[in-house]
Amino acid sequence: METILGLDLPTWWFLVIGGLITGYGVLDGFDLGAGALHLFFKKEESRRLVLNAIGPVWDGNEVWLVIAGGALFAGFPLVYGVLLSTFYIPFMLFLVALIFRAISIEFRSKEPWLWWRKMWDISYTVSSTGITLLLGLVLGNLIHGLPMNKDHEFTGNLLTFFNPYAILIAFTTLSLFMLHGSIYLVMKTENRLYTRLTIIVNNCSKFFILCFILTSMATLIYVPHMTHQFKSHPSLFLLPMLAVLIVLNIKRNVDARKYYTAFAYSCIITACLLILFAVGLYPNIVISTTDPAYSISIYAAASSVKSLKIMLLIAAIGTPMVVGYTTFLFWTFRGKVKLNEMSY
């Protein structure tokens, strides 16, 4: 099979899609976490401040999700079809939640009525939390594996998705995004709201550490196939060790109120956990719990070599543009949030 820099094309596409999903997790993760925390702020001014902290960037961050979906369709159309048919209801709920999050942000400030703003505040928190839990639920089921027959048809039912391990991954994702979002908010605020957020960040860090420990133990005990690559390549054991050190450093920097450093570490741990997920799956993308022979590997699901080469070239051109746009956006809206007549 043709290779580029020693890696075959399906592996390159596996890395590209993984990178795009990681970019989405790092960037939209703090948006979703901020939304999940929104109702913890009681004052109108506080809610407007935290909403405007993510206001300039939240829609741009979702671009990474759109690109990741397009890349999955281009690189592994079989996986795209299997996932959308298998997770049809969760994905539909996910899209509805995305819509309600967007309109909650945009509609909230259109009227001054208390009931109006409270309604959209609740909608914003519920939709942000729902998106996060659904992402974690899908991720948890992909790690755990899905009951599929030889034709790659899902043989379970809706309740199959709600297995204990997938639910644990869903809440771990929520805890990570809440920590990520709270650190971002404390970086963007000041005065009394800043003081309030320091308490929230500390509580979120404890919540995440608890979920991280439980998830690590559950993965080792109940999902042994995720450790095969680490057993085959002992050097990869550095990744989970790195993840533990990063988690400890997040807590250390939160306690020292070094929030910019803590935010950098929360970005890294988001990426690191997704890398661990990818390493555990490779070379599979969808694992069958019915029979390992029914699992879908990157080689069985990949598009033609010509398609992969053309799309890889497009990705090589387009991805730096998205990175540049994102960097410019964050640089433009750096600093503390200030309310004005154009604010939400």
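Side-chain contact between Val82 and Phe154: absent, with no pair of heavy atoms (C-beta onward) separated by less than 4.5 Å. Side-chain contact between Phe40 and Ile199 is absent, with no heavy atoms from C-beta onward closer than 4.5 Å. A 4.5 Å side-chain heavy-atom check between Met226 and Leu276 finds every atom pair outside the cut-off. For the pair Trp58/Leu27, no side-chain contact is recorded, criterion being any heavy-atom separation below 4.5 Å from C-beta on. Looking at Asp8 and Trp12, their side chains never come closer than 4.5 Å, going by heavy atoms from C-beta outward. When side chains are defined from C-beta on, Leu84 does not count as touching Tyr88, because their heavy atoms never get closer than 4.5 Å. Counting heavy atoms from C-beta on, the side chains of Leu197 and Phe41 come closer than 4.5 Å. Between Leu214 and Phe171, the closest side-chain pair of non-hydrogen atoms is not below 4.5 Å.
Across every non-hydrogen atom of Pro56 and Leu329, the tightest pair is O-CD2, 3.5 Å. Among all heavy-atom pairs drawn from Pro224 and Ile221, the shortest one is CD-O, 4.4 Å. Of all non-hydrogen atoms in Ser205 and Val254, the two that sit nearest each other are OG-CG1, 4.5 Å. The two atoms that bring Gly145 and Thr289 nearest to each other are C-CG2, 3.5 Å, heavy atoms only. Ala36 and Thr125 make their closest contact through O-CG2, 3.6 Å (heavy atoms, listed as atom of the first residue, atom of the second, distance). Considering every non-hydrogen atom in both Ile269 and Ala243, the closest pair reads CD1-O, 3.5 Å.
Under the 6.0 Å cut-off for aromatic ring centres, Phe328 and Phe333 do not qualify, their centroids lying 6.0 Å or more apart. Between Phe208 and His180, the ring center distance fails the sub-6.0 Å criterion. Ring to ring, Tyr80 and Phe73 are close: their centroids are under 6.0 angstrom apart.
Not one N or O on the side chain of Asn284 forms a donor-acceptor pair closer than 3.5 Å with the backbone of Val286. His152 contributes no side-chain N or O that, together with a main-chain N or O of Gly81, makes up a donor-acceptor pair within less than 3.5 Å. Put simply, the side chain of Thr290 gets close to the backbone of Met148: a donor and an acceptor are under 3.5 Å apart. Side-chain atoms of Ser46 never come within 3.5 Å of backbone atoms of Lys42 as a donor-acceptor pair (strictly under, hydrogens ignored). Side chain of Asp291 to backbone of Ala293: a donor-acceptor contact under 3.5 angstrom is found. Asn191 places no side-chain N or O within 3.5 Å of a backbone atom of Leu193 that could act as its donor or acceptor partner. Side-chain N or O atoms of Ser127 include one that pairs as donor or acceptor with a backbone N or O of Tyr124 at under 3.5 Å. The backbone N or O of Gln229 lies less than 3.5 Å from no partner atom in the side chain of Ser232, so there is not a single donor-acceptor pair.
To the nearest 0.5 Å, the span separating OH on Tyr265 from OG1 on Thr270 amounts to 14.5 Å. In this structure, CZ on Phe162 lies 9.0 Å from CG on Asn141, to the nearest 0.5 angstrom. Of the inter-residue distances, the one linking Ser128 atom OG with Asp28 atom CG reads 8.5 Å to the nearest 0.5 angstrom. Leu179 contributes atom CG, which lies 11.0 Å from atom CG of Leu174 (distance to the nearest 0.5 angstrom). Atom CZ of Arg47 is separated from atom OG of Ser109 by 14.5 Å, given to the nearest 0.5 angstrom. Residue Leu83 holds its CG atom at 8.0 Å from CG of Leu146, rounded to the nearest 0.5 Å.
The hydrophobic cluster containing Val138 also contains Ile89, counting ILVMFWY residues as joined when their side-chain heavy atoms lie under 4.5 angstrom apart, directly or transitively. Hydrophobic cluster membership differs between Ile200 and Leu39, with clusters built from Ile, Leu, Val, Met, Phe, Trp and Tyr side chains linked at under 4.5 angstrom. Residues Val26 and Ile54 do not share a hydrophobic cluster, clusters being chains of Ile/Leu/Val/Met/Phe/Trp/Tyr side chains in contact below 4.5 Å. Under a hydrophobic-cluster definition in which Ile, Leu, Val, Met, Phe, Trp and Tyr are linked whenever side-chain heavy atoms come within less than 4.5 Å, directly or via other members, Ile103 and Val126 are assigned to different clusters. A continuous path of ILVMFWY side-chain contacts below 4.5 Å connects Leu49 to Phe330, so both sit in one hydrophobic cluster.
Using a 4.0 Å cut-off between charged side-chain N and carboxylate O, Arg101 and Asp59 make no salt bridge. Note on Glu44 versus Arg108: salt bridge recorded, some NZ/NE/NH1/NH2 to OD/OE distance being below 4.0 Å. For the pair Arg117 and Asp121, the salt-bridge criterion is not met [side-chain N within less than 4.0 Å of a carboxylate O].
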message = Under the criterion ring pair (Phe, Tyr, Trp, His ring centres under 6.0 Å), I'd like the reasoning laid out for Phe161 against Phe87: C-alpha separation, chi angles, the key distance, then a yes or no.
response = CA-CA 9 Å; Phe161 301 135; Phe87 294 106; 5.1 Å; yes
request  = Please step through side chain to side chain contact (heavy atoms under 4.5 Å, CB included) for the pair Ile298 and Trp13, ending with a clear verdict.
outcome  = CA-CA 9 Å; Ile298 59 174; Trp13 267 102; over 6 Å; no
task = Begin with the C-alpha distance, continue with both residues' side-chain angles, and end with the deciding distance and a verdict on side chain to side chain contact (heavy atoms under 4.5 Å, CB included) for Val322 and Thr326.
result = CA-CA 6 Å; Val322 177; Thr326 303; 4.2 Å; yes
request  = Begin from the C-alpha positions of Thr132 and Thr173 and carry the test side chain to side chain donor-acceptor pair (under 3.5 Å) through to its verdict.
outcome  = CA-CA 7 Å; Thr132 305; Thr173 305; over 6 Å; no
key: Full working for salt bridge (charged side-chain N to carboxylate O under 4.0 Å, His left out) between Glu45 and Arg192   = CA-CA 11 Å; Glu45 182 182 5; Arg192 294 181 66 182; over 6 Å; no
query = Does the pair Ile21 and Trp64 meet the rule for a side chain to side chain contact (heavy atoms under 4.5 Å, CB included), with working shown?
reply = CA-CA 7 Å; Ile21 293 174; Trp64 290 81; over 6 Å; no
Working for side chain to side chain contact (heavy atoms under 4.5 Å, CB included), residues Leu135 and Tyr24 = CA-CA 11 Å; Leu135 285 172; Tyr24 174 72; 3.9 Å; yes
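Heavy atoms from other residues, nucleotides or ligands lying under 6.0 Å from NZ of Lys110 number 12 at most. Within 6.0 Å of the CE atom in Met217, the count of heavy atoms belonging to other residues, nucleotides or ligands does not exceed 12.
Each of Tyr260, Phe177, Tyr259, Phe30 was checked for a ring-ring contact (aromatic ring centres under 6.0 Å, His included) with Tyr184, and the lone residue meeting it is Phe30.
In this structure, a donor-acceptor pair under 3.5 Å is absent between the side chains of Lys188 and Asn52. Donor-acceptor pairing under 3.5 Å is recorded for the side chains of Tyr282 and Thr11. Side-chain atoms of Ser304 and Ser307 include a donor-acceptor pair closer than 3.5 Å. Counting only N and O atoms by type, the side chains of Ser295 and Ser288 include no donor and acceptor under 3.5 Å apart.
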